[in-house]
Amino acid sequence: MPPLIRAEEPKTFRAPENVEFIAARELRLSRLLIAYIATGLFFMLLPGTFLGVWNLLAISSHRSAETVSPAWIQAHGHAQVFGWIGSFILGIGYYSIPKLRRMKPFALWAPWASLAMWSSGVTLRWVAGVYQWHWRTLLPLSAALEIAAFLIFLPIVSSHPPATEQAASRRGKLDAWILVVITGSIGWLSALVLNLLSAGVLAWRGASPVVPHGFDQPLLVLETWGFLVPFIWGFSAKWLPIFLGLKALDTRKLLWAVALNSAGVIAALLGRPLVSSLLLLAALSVAIYGLRLFEPSERPAKTKGVHVSFPTFVRLAYVWALVSSVLAIWASVTNNSDGIWGASRHALTVGFVAMMVFSVAQRVLPAFSGMRLLFSTKLMFVALLLLSLGCLLRVGSEVLAYQGFARAAWSWLPVSAITEMTAVTIFGANLATTFMQKSNRAELQYRDAA
Ligand code: HEM
């Protein structure tokens with residue numbers, strides 16, 4: 001098997017005369033990135049959102065969350081977290097982390113193999129959950145494929161930069177965002193390992209592919225707060241100071257936030273939801289403080305090529321994360337709080353994670369995918385606006401309806417589902433059309449200079 005990382009960096013790799021080599025590699029990396037993003041968009045739309053909407057319509061028409069099979073709910077959650085966001089992070093990670101860390105070039109067969117394993121793993125997980133077809137075989141097989149794909153990713157993004165770059169890094173203090181992303185990777189690997197263990201146990205002695213509720217809930221905290229959240233904080237630390245013109249990142253506070261966040265995830269895994277929710281709220285508050293997100297900006301935001309509302313939606317996403325943690329505290333001290341937990345989860349997954357992806361992905365992906373411009377900044381705005389409205393309706397009506405505070409709220413749930421579905425469809429269409437356009441190097445260089 002060829003090595004993942006070349007033992008010797010070709011001496012000519014960054015030499016000016018080797019421009020053609022660099023251009024050809026850049027093209028291949030862009031194609032790889034587009035393949036990952038297209039895979040993520042597929043999982044987001046069909047197995048993820050459409051199944052989620054279907055579930056929500058069924059819940060709303062029967063006025064009870066119990067009417068939908070937990071296997072379908074879990075299939076939706078897995079497709080969104082791993083199929084959509086996981087594929088995006090893998091693609092952006094393979095494309096950008098080695099470059100940002102000025103690492104040696106890696107063999108490109110590896111991320112393609114990783115994509116094949118990752119997408120088959122997530123697809124098999126969905127088939128096992130929704131159709132229950134040969135699920136005793138497919139469930140562990142899918143979990144093993146996902147881990148195999150991740151184990152290709154990890155060494156590529158975590159190998160050491162060449163000695164000269166290490167010295168440069170040390171001078172500028174080892175980048176905090178890398179440490180945050182490493183924590184997210186540990187959370188991701190832990191979630192995949194627990195997923196494999198639970199798949200093995202279910203295949204051996206379970207009656208169905210459904211992960212028992214008591215185990216599923218802490219596992220969801222690990223998947224969201226232990227994996228998705230640190231990755232978003234890491235990329236926020238790297239890109240938001242530039243994109244939003246923020247004051248310099250407070251590294252110490254960000255690292256404290258990561259430590260508190262890890263403690264919160266561990267508390268959830270140990271079955272202490274209240275302690276966990278309090279720690280997660282503290283972690284998030286410190287992270288926001290460290291990112292200096294709500295302090296006056298030092299420079300104007302870079303909004304050329306995206307909608308001017310971009311900085312507002314990024315900040316709104318962090319407000320949704322705060323809402324999610326406050327709801328989680330409320331749920332922890334309330335009996336029969338499924339509606340509040342559901343609202344908290346979607347405030348985080350839709351309000352924070354999806355809103356950050358809608359904002360930042362449309363900012364960076366057109367350039368990463370071969371120097372393109374986003375197809376439509378207006379569509380970007382419409383998608384973000386609809387996502388915000390859908391999320392507001394969803395989070396509000398889930399608490400009111402599921403907890404029995406207002407019966408009328410049952411009929412708002414379908415409206416929220418269709419609004420969110422329209423938002424993700426517009427987002428997907430905007431990105432897909434962007435990738436189909438020809439690249440526009442000159443305009444983009446002008447934008448980055450501006
Ligand atoms: C876009 C519109 C979406 C709709 C209509 C939707 C719908 C649903 C529904 C009906 C449930 C069942 C539990 C409940 O009622 O709260 C659910 C659970 C879940 N959703 Fe969503 N969802 C959407 C987006 C997302 C996104 C973007 C993510 C992640 C990035 C996500 C992740 C999850 C997870 C992790 C669960 C829990 C699964 C489990 O219990 O194991 N959802 N969703």
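First listed ligand is number 1; within each ligand, the first listed atom is number 1.
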Should you measure from each heavy atom of [X], which atoms of ligand 1 turn up under 4.0 Å away?
X	answer
Ile73	12 (C), 18 (C), 38 (C), 39 (C), 40 (O)
Glu420	1 (C), 2 (C), 3 (C), 4 (C), 5 (C)
Gly77	33 (C), 34 (C), 35 (C)
Gly342	16 (O)
Leu220	35 (C), 37 (C), 39 (C), 40 (O), 41 (O)
Glu398	14 (C), 15 (O), 16 (O)
Trp84	27 (C)
Tyr402	14 (C), 15 (O)

Which segment of [X] sits under 4.0 Å of ligand 1 when only heavy atoms are counted:
X	answer
His78	neither
Arg345	side chain
Met421	neither

[Y] and [X], any side-chain heavy atoms less than 4.5 Å apart:
X	Y	result
Thr49	Gln80	yes
Gln362	Phe427	yes
Ile97	Ile156	no

Just need the protein heavy atom nearest to [atom], so name the residue and atom and give the distance.
atom	result
atom 10 (C) of ligand 1	Leu56 CD1, 3.6 Å
atom 39 (C) of ligand 1	Asp216 OD2, 3.3 Å
atom 9 (C) of ligand 1	Arg394 NH2, 3.6 Å

Response to the item:
dist Ile426:CD1 -> Asn430:CG (nearest 0.5 Å) comes out at 9.0 Å
Discussion item. How long is the straight-line distance from CD1 of Ile73 back to CD1 of Ile59, given to the nearest 0.5 Å?
Written reply: 5.0 Å
Worksheet entry | Main-chain N/O of Val181 paired with Ser185 side-chain donor or acceptor, under 3.5 Å | yes
Item to complete: May I ask you to decide if Phe153's main-chain N or O and Tyr94's side chain share a donor-acceptor pair within less than 3.5 Å?
Response: yes
Restricting to non-hydrogen atoms, name the atom on [X] and the atom on [Y] that form the minimum distance, rounded to 0.1 Å.
X	Y	result
Leu284	Ser325	CD2-OG, 3.6 Å
Phe231	Gly184	CE1-C, 3.4 Å
Arg292	Leu246	O-CD2, 3.7 Å
Ala199	Ala143	CB-CB, 4.3 Å

Discussion item. Check contact between Val353 and ligand 1, using heavy atoms of the residue and a distance below 4.0 angstrom.
Written reply: no
Worksheet, complete the sentence: Judged by heavy atoms only, the candidate from Met44, Gln217, His76 nearest atom 32 (C) of ligand 1 is His76
Discussion item. Check this for me - ligand 1, Asn55, N or O atoms closer than 3.5 angstrom, yes or no?
Written reply: no
Worksheet entry | Polar contact flag for Gln74 and ligand 1 (N/O pairs, less than 3.5 Å) | no
Practice prompt. For atom 21 (Fe) of ligand 1, find the closest N/O/S atom on His346 and give its atom name.
Written response: NE2
Worksheet item: With a cut-off of under 6.0 Å to the ring centre and 45° to the axis, is Arg363 in cation-pi contact with Phe243?
Response: yes
